[in-house]
Amino acid sequence: MPDPITPVVVGSSTPGTGRPDEDLLAGLNAPQREAVTYRGAALLIVAGAGSGKTSVLTRRIASLLRTREAWPSQILAITFTNKAAGEMRERVQQLVGDTAQGMWISTFHSACVRILRREAEQFGFTKSFTIYDSGDSRALIKRLVKEHEADAFGLTPASVQSRISKLKNELADAESYGRSANMSDPAERLFVEIFGDYQRALQKANAFDFDDLIAQTVYLFRAFPHVADVYRRRFRHILVDEYQDTNHAQYALIHELTRPPSGAAADRFESGGMMIFDAPPAASPELSGASLTVVGDSDQSIYAFRGADIRNISEFERDYPGAKVVLLEQNYRSTQTILSAANAVIGNNFDRKDKKLWTDVGAGEKIVGFTGYSQHDEAQFVADEVETLRKAGVDYAGMAVFYRTNSQSRALEEIFIRSAVPYKIMGGTKFYDRAEIKDALAYLVAVANPADELAVRRILNKPRRGIGDVTETAIARFAAEEGISFRDALANASALGVGPKIQKAIAHLDAVLVEATAIMLPASGEVAPPTAVTDGLNVLLGKSGYLDALRISKDPQDEARVENLDELVAVTREFARNNPDGTLLDFLTEVALVSDADDLDDATGSVSLMTLHTAKGLEYDAVFLTGVEEDLLPHRISAGEPGGPQEERRLFYVGITRARKRLHLSLAMTRAQFGEVTVAMPSRFLQEIPHDLIDWRQSPGDVNSRGGMQSRALNARRPGGGFGGSGSGGNRYGDELVPLPQRDRPASDISKFANRIPAKVRDNSDLELAAGDRIRHEDFGEGRVDMVTGEGAKRIAHVRFDSAGPKKLLIKIAPISKL
DNA sequence: TATGGCTGCCTTTTT
DNA sequence: GGCAGCCATA
């Protein structure tokens, strides 16, 4: 991503002071400089959107290195995604060259995996532990819920999973939670049992789930202070980005790392454990805690649902007394128009410190608003506008489309394909979520970590080998009787008491696993060649019969599955190229921790499509924010959650502030949700934007007006008057739109205001129309049907009106009649 | 044991 | 409109 700070300062204010980091300060404003150069135990950088925080962070690291205040190995920088980590590393490298080698720049999860791999043996795991993604843990929890017949008490796998996750993020375990829970409630007791079983199963499988990676590292540090000391001595400068999105476990981890080493470790014999408090830090710098820099913006906190605790940032000064706070408010990204919209929106959140982004680049283009008849109509607008911008010289790669939920990407994708707009979906149905990829990875896990029973069970009958429930149970029973693992039981096919055909199948599977193991995990002393993972995977997929089964299948989807597996093989090759010493476990770790935002091959001339959450931290010349509707943004489910609507508003704010030059806000009047067409209402957030900032190409009133008062949702009169009908006007499409936000409007009023559904929804489902028919529309008058597209509830009539010109109408709801 | 058809639920957002 | 899980059947 380009550096938002253009180093233009020629006559710098501190010329030739001879600081070794002089050049790093070029072009920075005063607070940015301070954020780079401040030295002290704790620093909080409150960085508004687009205020150049990444630049400040990288320069701060570069400055520490350049001035020799730190060795690279003493720096630990935590980012939110692997992609952000990669970019930060690259930028630091640009500033200081190869000196950057040896820094830890990674996500919380990657850093914890590195620590856990080294220390796993301290507490009952082995180096070769594997990582359960949410699908894996859901499968395990599902089994446990079933075993405990817990569904009878209203415990669903999903609810159990999310509760366990929340508890782990609070550093609770089954035992500690059980002490405080109301154990007379059978559902609670059951939950605690399942939680405990789940944890034991993970341990037995030598596996951690996502939340464990953090929580168990904290546990490790607390239980084994001498282990923690190793890392406390090593990391002298800890920097955390996106601090507003850290949860309690992550907070605790940072807290553990920044404590002074206890000094009890053997290699510090002179301290005797007593010098911690009286040793002067200068004389013995290793005894003080690491310096901590955190960067964040509470207005961009959008992960509360996953346990992020905004208090981590709002109470930073309390947690780290004497902490320095630097505020970055000048924005280097967006036009004033975009910032004014953003400021106005976020100003409606009441529990925040007031902070106003500003810029000196000028007002720029107005925000473009558009209301489609349907989500397809909306998508068509986006596609058309993308093409217009492209012709005006904006790169496809400089444009992005955001939406609240992944499912919204479908309509956009359809239209983009039809309109031949190159696009790329970030996230969505992930490559690694596909069944065949998970199967292939399960084969690899079965080799890397045979203790992982879930993985072995997964591949047991893939491809079909005639091994069903009965045989699976027989294997498990045999393993239990003999006191061996499920995996090892496979080596004793003849002893299982199953038929000869099935014995043979099991023996074959075992042989394939053994062969692959020999390739990927050679006996000690030998080193696996870089091609080991690729070769092993080919053996597993080939000799197991997995690929053959797909190839002879009649299901046309299986062809795509073979291609996906080919791609996975290609991924292993790529991995080997980038990591010549990379082991099977390294590969599996990387795969487990990649995220949606990490899709590295961005650029290459396509428009990016992604959820608002994925968009955080990115920026584009032109941004399309779609589906700005009630129940979608803010999402319906958020209404019932404490702080939900405010978090949704922050999400909207994050979306707005991604735009550099152009912002488009769009919505649809109807939206198909699970097959049914439902009427959508404009989002309450729209009216929080001063309406003179928006140029409506087609306003909600244009689309929905049927001469009456029923549908003017945005203009509905408040109970008690206020302002109505016309008046503040100002946009050329009349006054349908958005009165200026009224100060101190009570919250209850807002919800009443925006949510009103039009009096009645017309249903023309059974109206038969064909090209050539004449129709009458309540607003547009008479016209002739050019053609009808779509089916069922989504039939669209393309009509040429005698006076109003061509329009597309959703037949189901349009106020029309056949003549 | 494999398959196919049915039903019901679903959709927030992610490391 | 899609997927997962359940059940009935071969």
Side-chain angles (χ1 to χ4, degrees), chain A residues 78-85 106-113 131-135 137-139 142 146 151 156-158 161-162 165 168-169 208-215 242 245-247 249-250 301-308 402-411 426-430 432-433 435 461 463-472 498-499 501-502 505 554-555 589 591-598 610-616 627 631-641 644 647-648 650-652 654-655 671-677 791-794:
Chain A
I78 301 286
T79 60
F80 200 65
T81 63
N82 293 300
K83 182 183 181 182
S106 69
T107 62
F108 272 107
H109 292 86
S110 306
C112 287
V113 170
I131 301 164
Y132 275 22
D133 67 15
S134 23
S137 62
R138 195 178 52 235
K142 196 179 283 175
K146 206 177 222 170
D151 47 342
T156 63
Q161 184 177 24
S162 92
S165 172
K168 285 184 173 181
N169 287 333
F208 296 98
D209 66 19
F210 277 139
D211 302 312
D212 274 345
L213 293 177
I214 316 285
E242 308 283 11
D245 284 324
T246 51
N247 60 35
Q250 292 165 331
S301 160
I302 53 174
Y303 284 98
F305 72 92
R306 149 179 133 184
F402 302 154
Y403 36 80
R404 177 65 178 82
T405 64
N406 279 305
S407 61
Q408 287 168 254
S409 68
R410 227 176 269 146
M426 322 273 275
T429 319
K430 279 177 289 181
Y432 292 103
D433 274 350
N461 198 31
R464 307 239 129 95
R465 305 183 166 92
I467 302 177
D469 266 357
V470 178
T471 311
E472 190 172 331
V498 295
K501 221 170 157 181
I502 293 178
K554 288 181 299 248
D555 187 339
T589 303
V591 165
L593 296 180
V594 291
S595 72
D596 288 358
D598 292 338
M610 69 192 85
T611 65
L612 284 164
H613 283 88
T614 309
K616 193 173 69 158
D631 289 349
L632 200 52
L633 184 64
H635 197 278
R636 176 155 17 112
I637 293 175
S638 72
E641 290 166 359
E647 177 145 319
E648 298 286 307
R650 290 194 291 269
L651 201 49
F652 187 51
V654 165
R671 190 166 289 277
Q673 288 181 322
F674 57 103
E676 278 290 292
V677 174
E791 279 179 21
K794 290 194 296 189

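Order of the sequence lines sets the chain letters (A, B, ...), proteins ahead of strands, with each chain counted from 1.
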request  = Looking only at side-chain atoms of A:S134, point me to the closest of B:dT15, B:dT1, B:dT13.
outcome  = B:dT15
task = Any chance you could measure A:F402, atom CZ, to A:M426, atom CE, to the nearest 0.5 Å?
result = 9.5 Å
query = Taking CD from A:Q408 and C1' from C:dG1, how many angstroms apart are they, rounded to a whole number?
reply = 16 Å
query = What's the spacing between A:E242 CD and A:F80 CZ if we round to 0.5 Å?
reply = 6.5 Å
request  = Quick one: closest heavy-atom pair of A:L612 and A:G655, and the distance?
outcome  = CD2-CA, 3.7 Å
Footprint string (nucleotides 3-11 of chain B, 5' to 3'): B base within contact, S backbone only, - free, heavy atoms under 4.0 Å = S------BB
inquiry  = Would you measure the distance from the C1' atom in B:dT11 across to the matching atom in C:dC6 and give it in whole Å?
reply    = 22 Å
inquiry  = Checking contacts here: which listed nucleotide (B:dT1, B:dT13, C:dC6) is nearest the side-chain heavy atoms of A:V470?
reply    = B:dT1
task = Report the distance from atom CD1 of A:I302 to atom CD of A:E647, rounding to the nearest 0.5 Å.
result = 7.5 Å
message = According to side chain to side chain donor-acceptor pair (under 3.5 Å), who are the partners of A:T611, at least two apart in sequence or on a separate chain?
response = A:T614
task = Take atom CD1 of A:I302 and atom C1' of B:dT14, then tell me their distance rounded to the nearest Å.
result = 10 Å
inquiry  = Whole angstroms only, please: what is the NE2-P distance between A:H109 and B:dT15?
reply    = 9 Å
query = Counting N and O atoms only, with roles assigned by atom type, does the side chain of A:N461 sit under 3.5 Å from a partner on the main chain of A:I467, one being a donor and the other an acceptor?
reply = yes
Nearest-Å distance for atom pair OH/C1', residues A:Y303 and B:dT14 = 6 Å
For A:H635, ring-ring contact (aromatic ring centres under 6.0 Å, His included) partners two or more places apart = none
task = Would you mind classifying the nucleic acid contact of A:D133 as base, sugar-phosphate or nothing, using non-hydrogen atoms under 4.0 angstrom?
result = nothing
I'd like a list of close polar pairs between nucleotides 8-10 of chain C and the protein, N/O only, cut-off under 3.5 Å.
none

task = Describe the nucleic acid contact of A:T471 in one word from base, sugar-phosphate, nothing, applying a heavy-atom distance below 4.0 Å.
result = sugar-phosphate
query = How long is the line joining OH of A:Y432 and C1' of B:dT14, in whole Å?
reply = 17 Å
request  = Please round to the nearest 0.5 Å and tell me the distance separating atom CD of A:Q250 and atom NE2 of A:H109.
outcome  = 6.0 Å
query = Between atom NZ in A:K83 and atom C1' in B:dT14, what is the gap in whole Å?
reply = 16 Å
ask   = Please walk me through it: do A:E648 and A:L633 pass side-chain contact (heavy atoms from CB on, under 4.5 Å)?
value = CA-CA 7 Å; A:E648 298 286 307; A:L633 184 64; 4.0 Å; yes
key: Between C1' of B:dT14 and CD of A:E242, the distance in whole Å   = 13 Å
remark   = Nearest-nucleotide check on DNA chain B, A:N461 vs A:D211; residue mapping nearer the 5' end is A:N461
task = Quickly work out the A:Q161 CD to B:dT14 P distance and round it to whole Å.
result = 15 Å
message = How long is the straight-line distance from CG of A:D209 back to CD of A:Q161, given to the nearest 0.5 Å?
response = 8.5 Å
note = In terms of heavy-atom contacts, A:G135 and A:D133 come closest through N-OD1, 2.9 Å
query = Does A:T81 make a side-chain N or O approach to OP1 or OP2 of B:dT15 shorter than 4.0 Å?
reply = no
Proximal nucleotide (of B:dT15, B:dT1, B:dT13) relative to the A:N406 side chain = B:dT13
request  = Among the candidates B:dT13, B:dT1, C:dC6, find the nucleotide nearest to the side-chain atoms of A:F305.
outcome  = B:dT13
Reported NZ-to-OG distance for the pair A:K616 and A:S301, which is rounded to 0.5 angstrom = 7.5 Å
ask   = Sequence neighbours excluded, which residues qualify as side chain to side chain donor-acceptor pair (under 3.5 Å) partners of A:D212?
value = A:K168, A:Q199
key: Structure string for DNA chain C in dot-bracket form, Watson-Crick and G-U at under 3.5 Å, | interchain   = .|||||||||
ask   = OP1 or OP2 of B:dT15 sitting under 4.0 Å from any side-chain N/O of A:S110?
value = no
